[in-house]
A.B. asks: 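After the structure tokens below, expect a handful of questions from me.
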Amino acid sequence: MNDYPATQEPVIVVGAGPVGCTAALLLADSGIPVTLLERHAQPHPLPRAVHLDDEVARTLGRIGVSEGFLDRSRPGSGLRLLDAGHRVMAEFRREHQASQHGFPQANMFHQPDLEELMLAQVKAHPLIDLRRGAEVCGMDGALGPLTTDSVRVHARIAGDLQTFTGRFVLGCDGANSTIRELAGITMDDLGFTERWLVVDIRVETGLDTWDGVEQICDPARAATFMQVTGDRYRWEFRLFDGEDEVGLITPQALGQLLRPWTGRTDLGGLEVIRTATYTFRARLASRFQTGRVFLLGDAAHLTPPFIGQGLAAGLRDADNLAWKLAYVLTGRAGEDLLASYETERRPHAKALVKKAVRVGWAMTGGQDRAAAVRRIALAAAVRSERVCQAMGSTATPRLKAGALQRPPRLILSGIPSALRPGGLIPNPLVSAGDGPPVRLDAILAGRTAVLTARRPDAGLADFCRQHGLVLVRISSSHAAGTPGRPAADPDAGWIDVRLAGDRRPAGLRALAALGSNPALTVVVRPDRVVAAVAPRCRLPRLPWPIPATAGRGSPVTAHPPAHPDHARPFPSTR
């Protein structure tokens with residue numbers, strides 16, 4: 001929780017899927033009351049999303065579900081591109097052990113499991129009012145300037161029309177978003193529309209298959225296969241224009257489709273959970289914000305599933321926006337900060353959608369001669385390690401504009417790449433005093449932080465105290481204190497931590513090595529994006545508007561962990 005007085009008016013979040021729940025929990029943990037409206041009376045029981053990367057998994061720690069997620073998910077070994085004969089054309093490996101972000105690089109999961117964890121947190125939070133069966137049908141006061149009166153959202157619940165009042169509205173209500181329609185926001189088509197048959201199956205005895213994701217680049221029938229978790233498996237098969245999928249889901253036809261993986265032509269030993277036809281689209285909202293309305297998740301962007309970034313993009317939206325709304329509503333930032341949500345998230349979402357389209361193009365490029373040439377070119381290109389890294393990476397592109405302060409080129413050249421503004425700060429294991437190692441995220445606990453390797457002077461400590469920032473001095477394993485004793489006086493105004501474990505990200509190793517001269521101060525936003533870097537001779541500057549009344553911070557030592565996850569050591573490996 002924060003130590004700033006919050007507004008009494010809630011933020012209205014429409015849609016209680018993973019994106020809406022994440023946004024609601026991040027806001028509520030910042031002291032912002034939330035009204036969460038969900039049209040369905042019960043959680044969706046069937047699987048949809050199945051993959052989250054290591055960057056996005058960090059957000060789950062912020063809302064207190066990462067431990068449960070690790071227990072119910074499994075690390076995947078990456079992605080393979082196979083030809084029509086199921087021969088490997090290219091492989092993009094993912095490590096099972098924790099990456100520099102503190103989680104396995106690829107995490108396979110059953111979406112109802114994740115939603116169960118999130119909804120338990122939502123229901124237990126005193127600042128979240130969840131209303132199920134709420135069908136939104138109208139909205140007033142949302143499209144004017146931010147200085148206007150409150151937003152009113154009208155919804156039917158059990159046949160009665162009810163009105164909910166709040167400061168902002170977050171549309172997390174999916175591809176057919178009512179909020180997007182009421183706000184008059186259109187979707188831009190990015191040039192990809194395909195129909196696919198999705199088949200979810202349980203196999204009690206398991207299948208002898210690779211534990212990563214396989215993309216079958218076959219012009220006769222492009223397909224995707226993956227083990228989800230345990231005995232759950234998913235197949236996706238491309239449908240051609242005008243093709244009737246009914247003929248593909250008979251036991252005989254489906255058994256033949258699955259034969260390369262099951263080794264048999266019937267469905268013996270297989271429990272078909274569902275078959276469904278989906279239209280995979282690449283679309284982007286023309287705007288992510290209008291007035292007091294913000295779009296997140298599928299309401300803002302639709303992506304083909306080929307790089308596993310559909311749900312991940314929505315959780316990135318929530319992580320980016322929630323702290324900005326909280327800062328504005330608690331008086332720590334001016335309303336101009338909210339414009340950076342679209343500035344930062346829309347280009348990112350567009351880049352990942354286009355990347356998914358390119359992978360889909362490689363898989364499903366048709367049956368003509370040009371398609372054959374493209375597949376030959378693909379087979380040649382993936383022999384290049386550089387091309388493989390570019391194709392296989394799902395890392396967030398570095399922010400180039402928004403709530404950032406880019407240092408002069410001369411200073412930038414001396415800053416390690418991992419510490420430059422716009423990228424995510426690594427999340428290594430660290431030790432504070434004589435406590436057990438925890439991830440750096442657990443120390444920062446969702447707050448804006450200043451990291452440095454030098455002993456903070458009075459000016460830096462006062463700056464952090466004034467703005468309510470957590471000040472962390474980070475050092476190598478032997479410099480911050482001795483075992484069994486605190487590394488800093490509790491009243492010193494900062495937290496001393498030392499790098500722990502065997503895998504220490506290069507950027508933070510470099511920062512720790514700069515403890516003498518010159519030393520850097522690194523400003524890290526609540527969403528773990530590096531916001532600014534300043535050399536030793538200067539105080540850092542917060543790169544967002546600060547109201548004149550905002551100078552009422554509090555000592556960082558008063559902050560308890562926001563969730564049990566923050567209090568426990570994060571595993572360094574699976």
Side-chain angles (χ1 to χ4, degrees), residues 47-54 57 70 72-99 103-111 113 196-238 254-265 267-273 304-310 312 356 359-360 362-364 375 378-379 381-383 385 387-389 391-394 573-574:
R48 288 165 290 171
V50 294
H51 170 267
L52 287 177
D53 63 31
D54 52 343
L70 287 172
R72 300 191 189 195
S73 64
R74 69 169 188 85
S77 292
L79 169 68
R80 283 177 176 171
L81 300 183
L82 308 183
D83 65 13
H86 286 234
R87 294 178 293 267
V88 177
M89 300 166 61
E91 182 172 317
F92 310 105
R93 294 289 302 178
R94 292 291 183 267
E95 297 294 333
H96 284 203
Q97 62 187 3
S99 74
F103 293 86
Q105 291 178 302
N107 301 276
M108 308 299 295
F109 70 100
H110 182 54
Q111 183 168 331
D113 288 346
W196 284 64
L197 174 66
V198 178
V199 183
D200 285 298
I201 284 180
R202 298 185 72 171
V203 187
E204 185 175 351
T205 58
L207 295 175
D208 184 16
T209 56
W210 190 55
D211 72 343
V213 177
E214 295 180 340
Q215 306 277 26
I216 315 303
C217 305
D218 182 359
R221 179 75 70 188
T224 304
F225 163 77
M226 68 203 76
Q227 179 187 359
V228 182
T229 57
D231 59 358
R232 298 178 182 274
Y233 298 85
R234 172 173 293 180
W235 286 264
E236 299 166 352
F237 299 98
R238 187 191 175 190
L254 193 54
Q256 189 63 38
L257 282 175
L258 304 184
R259 184 177 61 82
W261 296 274
T262 64
R264 56 194 303 166
T265 58
L267 299 181
L270 310 182
E271 178 189 356
V272 179
I273 303 299
F306 305 122
I307 60 172
Q309 288 295 302
V359 173
M363 287 179 59
T364 66
R375 280 187 290 277
L378 172 66
V382 296
R383 296 191 186 103
E385 183 176 350
V387 172
C388 273
Q389 288 178 347
M391 287 183 63
S393 173
T394 59
T573 61
R574 283 288 303 195

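The first residue of the sequence shown is numbered 1, and numbering continues consecutively from there. Because only heavy atoms are used, hydrogens play no part in the values below, and waters and symmetry mates are left out as well, while side chains stay in.
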A.B. asks: I need the minimum non-hydrogen distance between I201 and V272, along with the two atoms involved.
C.D. replies: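 Smallest heavy-atom distance, with atoms named: CG1-CA, 4.0 Å.
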
A.B. asks: Counting C-beta onward and ignoring hydrogens, is there a side-chain heavy-atom pair between I273 and R202 closer than 4.5 Å?
C.D. replies: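 Touching, per the 4.5 Å side-chain cut-off.
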
A.B. asks: When rounded to the nearest 0.5 angstrom, what is the spacing between SG in C217 and CZ in R87?
C.D. replies: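 Nearest 0.5 Å value for the SG-CZ distance: 12.5 Å.
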
A.B. asks: Any idea which heavy atoms bring Q105 and S99 closest together, and the distance?
C.D. replies: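 Looks like CG-CB, 3.9 Å.
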
A.B. asks: Are the side chain of Q215 and the backbone of F306 linked by a donor-acceptor contact shorter than 3.5 Å?
C.D. replies: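 Checked: pair present.
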
A.B. asks: Contact between F225 and T209 at the side-chain level, heavy atoms closer than 4.5 Å - yes or no?
C.D. replies: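 Yes; the side chains approach each other to less than 4.5 Å.
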
A.B. asks: Name the orientation class of the two ring planes belonging to W261 and F237 (parallel below 30°, tilted from 30 to 60°, perpendicular beyond 60°).
C.D. replies: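 W261 and F237: perpendicular rings.
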
A.B. asks: Just how far is it from atom CG of D200 to atom CH2 of W235, taken to the nearest 0.5 Å?
C.D. replies: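 Reported to 0.5 Å precision, the distance equals 9.5 Å.
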
A.B. asks: Can you check whether D211's main-chain N or O pairs, donor with acceptor, with R74's side chain at less than 3.5 Å?
C.D. replies: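 A pair under 3.5 Å: yes.
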
A.B. asks: For R234 and R48, indicate whether the former's side chain and the latter's backbone hold a donor-acceptor pair under 3.5 Å.
C.D. replies: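 At least one qualifying donor-acceptor pair exists.
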
A.B. asks: How long is the gap from CE on M108 to CZ on R94, to the nearest 0.5 Å?
C.D. replies: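 One finds 12.0 Å between CE of M108 and CZ of R94.
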
A.B. asks: Mind checking the OG-CD spacing from S77 to E95? Nearest 0.5 Å is all I need.
C.D. replies: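 Atom-to-atom, S77:OG and E95:CD are 9.0 Å apart.
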
A.B. asks: Closest approach of D54 and F103, non-hydrogen atoms and distance?
C.D. replies: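 D54 and F103 have their closest heavy atoms at CB-O, 3.5 Å.
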
A.B. asks: Ignoring hydrogens and geometry, is there a side-chain-to-backbone donor-acceptor pair from N107 to L52 under 3.5 Å?
C.D. replies: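 Side chain of N107 to backbone of L52, a donor-acceptor pair under 3.5 Å: yes, one is there.
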
A.B. asks: So, taking the atom named CG in L270 and the one named CG in D231, what distance separates them when rounded to the nearest 0.5 Å?
C.D. replies: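 It is 11.0 Å, given to the nearest 0.5 Å.
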
A.B. asks: Restricting to non-hydrogen atoms, name the atom on A312 and the atom on G308 that form the minimum distance, rounded to 0.1 Å.
C.D. replies: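 In this case the closest contact between A312 and G308 is CB-O, 4.5 Å.
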
A.B. asks: Kindly compute the distance separating CG (L254) from CG (L197), expressed to the nearest 0.5 Å.
C.D. replies: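 So the gap between those two atoms works out to 7.5 Å.
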
A.B. asks: Identify the two heavy atoms, one from T265 and one from R259, that lie closest to each other, and give their separation to 0.1 Å.
C.D. replies: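 For T265 versus R259, the nearest heavy atoms are CG2-CD, 3.3 Å.
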
A.B. asks: Any side-chain heavy atom of L258 within less than 4.5 Å of one from L267?
C.D. replies: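 The answer is yes; the side chains approach within 4.5 Å.
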
A.B. asks: Check whether any side-chain N or O of R238 sits under 3.5 Å from a backbone N or O of A223 as a donor-acceptor pair, and report yes or no.
C.D. replies: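 No: the side chain of R238 does not pair with the backbone of A223.
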
A.B. asks: Could you check whether E91 pairs with R93 (Lys NZ or Arg NE/NH1/NH2 to Asp/Glu carboxylate O, under 4.0 Å)?
C.D. replies: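 So E91 pairs with R93 through a salt bridge.
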
A.B. asks: For R221 and I216, what are the C-alpha separation, side-chain angles and deciding distance, and is it a side chain to side chain contact (heavy atoms under 4.5 Å, CB included)?
C.D. replies: CA-CA 8 Å; R221 179 75 70 188; I216 315 303; over 6 Å; no

A.B. asks: Kindly give the heavy-atom pair with the smallest separation between A356 and P304, and that separation in Å.
C.D. replies: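 Smallest interatomic distance, heavy atoms only, reads CB-O, 3.6 Å.
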
